[in-house]
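Below you'll find the structure, written out as structure tokens, and then a few comments.
Quick note on labels: first sequence line is chain A, next is B, and so on, each numbered from 1.
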There are 2 protein chains.
Amino acid sequence: MSRTLRGLPNVSDETRDRVLQAAASLSYVVSPIASRLASGRTHTVGVIVPYASRWFFGQIVAGAESVLREHSLDLLLYNLADIPARQRFFGALPLRRRVDAVLTVAMQFTDAEIADMMSLGVPIVAVGHNVPGAGCVRIDDMAAAATAVQHLLALGHRRIGMISTFNDQSMFLPVAHARRRAYVETLAVAGIPIAEELVMSVPHGMDGGEQAMRRLLALPDPPTAVFAESDELAFGALSALRRTGRHVSVIGFDDHELSALLDLTTVRQRVFEQGVLAAGMLRRAMTTGDWTPEELLMPTTLVLRASTWPVAVRTAGAG
Amino acid sequence: MSRTLRGLPNVSDETRDRVLQAAASLSYVVSPIASRLASGRTHTVGVIVPYASRWFFGQIVAGAESVLREHSLDLLLYNLADIPARQRFFGALPLRRRVDAVLTVAMQFTDAEIADMMSLGVPIVAVGHNVPGAGCVRIDDMAAAATAVQHLLALGHRRIGMISTFNDQSMFLPVAHARRRAYVETLAVAGIPIAEELVMSVPHGMDGGEQAMRRLLALPDPPTAVFAESDELAFGALSALRRTGRHVSVIGFDDHELSALLDLTTVRQRVFEQGVLAAGMLRRAMTTGDWTPEELLMPTTLVLRASTWPVAVRTAGAG
DNA sequence: TTGTAGGCGTTATCAA
DNA sequence: TTGATAACGCCTACAA
């Protein structure tokens, strides 16, 4: 009977029909839990995110859900929003004996935490950051961020600020690191000295962006253009500009769904699709049983809109 | 031993210590799956949403996750984004034997589907819509929407449009229904005849809002103000206005995190908190074992910003 | 307070 | 191709 319901090959047609009919008439369904205990496979992937309700993570989760659901795999969400949640997670490691695979999104792990994760002995794929020994789906942050800064340089800007982030634990996420490094290096290549005061580090989100831009505007010699690590930060920056009536070119990163509305120049990445691809890698590993971590690099695109302009225009107008 | 690990009372201190130590040294953890099979309780709540990646649903899910995780309950996400997903869901009803409770968010169920859900025999709480026999956390949509329309009336507007939604199956979600009814009734009370052509029904999202506003602007006698069923629709409407250079007052609904930036007048509801409360109701039912569905009404607030203004001002200016 | 048998509903294995 | 029978790892109940 079990053989029939699972569609194994060695069952006669007649028996199959008989079983299927009986199952239907009793509206019988297999208990996934019992089946998991007996088989040892949980058919579940644990998804770990730092901020479940942010746009970026919502996209990733939705993307992953779509492929997992299609293959009848469960998605167990862990939102490690604050320090207590994180401590609870790594203290108890609730994933143990509970998932067949793990998907982590833009997390900053300590070495000990990575060791914990690897000790689960299941395939792991990281989106937007690198975990040694795990698969990876990401963009080339350095190159993409460099594109953004180069765009500002091409417009003639020389005094360029950056809005960067740190998290609750005052840690710089890997993504923040890479984008800030690209900023520094690109300016260096262009022969522009880095001005410490032009680099703001704030908590992620609109409020952080607004705060950062206000501080930049308060400088004796404010920037004529700003590169924000993400569109949400850029939104905050735009807000500060609008409230103060000042004019500074702003470029973001992500192409958030509202960026077009706000006319924000940005670097587009396909977020939903990264969730799809990551889940696909894990699904394959779970069904075939063999797992060789691979790295997937997604392309990015510079999207030109009205929030950036040549340096001469506005400074002349405003001056 | 099982008694110790589960913290049951009738264990001597000495034994408890001994067991705890042994467990620690072997880094032993109970298998949640085996425990579920034996006890018959899954410690899992199924969460059903129509659009996992939208802001509203992200907030609800994050809110629910925070309380469930705190009590070591699992959250199983089902995103019923399209018709195939929905059919698969109600065809197989994967929740059966798998969850101890269900949380549904702003879903439109048929009677048959409701029957299916109730047949699970577990507590159900609905957020943002009503399911007979289930608990409920929501706002008073009629009253809140009426407030929005009254605001426009108070500003002197008499020709007021509405942007409403239908979903993939061309069904009007309960929320859409209530808000449109409030629109009709509030105008009626004010003695204003309803003009059919002023009510647009579009798919949810910014694109829908933009489309709807364009059609409204194309009317021989366009509205001077528009009530959008949600902020995301309103964003689209604002976009259309900006691109066409026209001026129409717009009020939204939700107080999306970006509404302040866009200066959108709106009706605020506390979304994250609704997720928290709904999950709390289910958690209590799961732990105490008794379940009497209750209904929770959350307050809303009119938030005044710059996207609405008295009718005379702009029409005079534009005319 | 502690130990022990029985059962939860499958899967996997081995005979038949 | 089929039927029967151990695991799977825990919880519950009952006995000691």
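- In this structure, B:E14 atom CD and C:dT1 atom P are separated by 13 Å, rounded to whole Å.
- Judged by distance alone, with hydrogens and angles left aside, the side-chain atoms of A:D254 form no donor-acceptor pair with the main-chain N or O of A:S230 at under 3.5 Å.
- Rounded to whole angstrom, the span from the CG atom of A:L5 across to the P atom of C:dT10 amounts to 9 Å.
- The side chain of A:S31 contributes no N or O atom lying less than 4.0 Å from OP1 or OP2 of C:dC8.
- In this structure, the CG atom of B:L37 is 8 Å from the C1' atom of D:dC10, given to the nearest Å.
- With no hydrogens or angles considered, no side-chain donor-acceptor pair links A:E273 and A:Q59 at under 3.5 Å.
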What N/O pairs connect the protein and nucleotides 3-7 of chain C at under 3.5 Å? Give each pair on its own line.
| from | atom 1 | to | atom 2 | distance (Å) |
| --- | --- | --- | --- | --- |
| C:dG3 | N7 | B:R3 | NH2 | 2.6 |
| C:dG3 | O6 | B:R3 | NH1 | 3.0 |
| C:dG3 | O6 | B:R3 | NH2 | 3.2 |

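- Side chains of B:T104 and B:H129: a donor on one and an acceptor on the other come within 3.5 Å.
- Of the side-chain N and O atoms in A:R36, none sit less than 4.0 angstrom from OP1 or OP2 of D:dG9.
- Heavy atoms of A:R97 sit under 4.0 angstrom from primed sugar atoms or phosphate atoms, though from no base atom.
- Rounded to whole Å, the distance from CZ on A:R98 to C1' on D:dG9 is 14 Å.
- Within the 4.5 Å cutoff, no side-chain heavy atoms of B:T110 are placed close to those of B:F90.
- Using a cutoff of 4.0 Å between basic side-chain nitrogens and carboxylate oxygens, B:R98 and B:D74 are not scored as salt-bridged.
- The separation between B:D13 atom CG and C:dT2 atom C1' is 15 Å, rounded to whole Å.
- Straight-line distance from the CZ atom of A:R41 to the P atom of D:dC8: 17 Å, rounded to whole Å.
- Taking atom CG of A:D17 as the reference point, atom C1' of D:dT2 lies 16 Å away to the nearest angstrom.
- By the 6.0 Å and 45° rule, B:R54 stacks over the aromatic ring of B:Y51.
- In the model, B:T165 has a side-chain atom that pairs as donor or acceptor with a side-chain atom of B:E229 under 3.5 Å.
- When the side-chain nitrogen and oxygen atoms of A:S12 are compared with OP1 and OP2 of D:dT2, one or more of them lie within a distance under 4.0 Å.
- Heavy atoms of B:V19 sit nowhere under 4.0 angstrom from any nucleic acid atom.
- Rounded to whole angstrom, the span from the CG atom of B:N10 across to the P atom of C:dT2 amounts to 9 Å.
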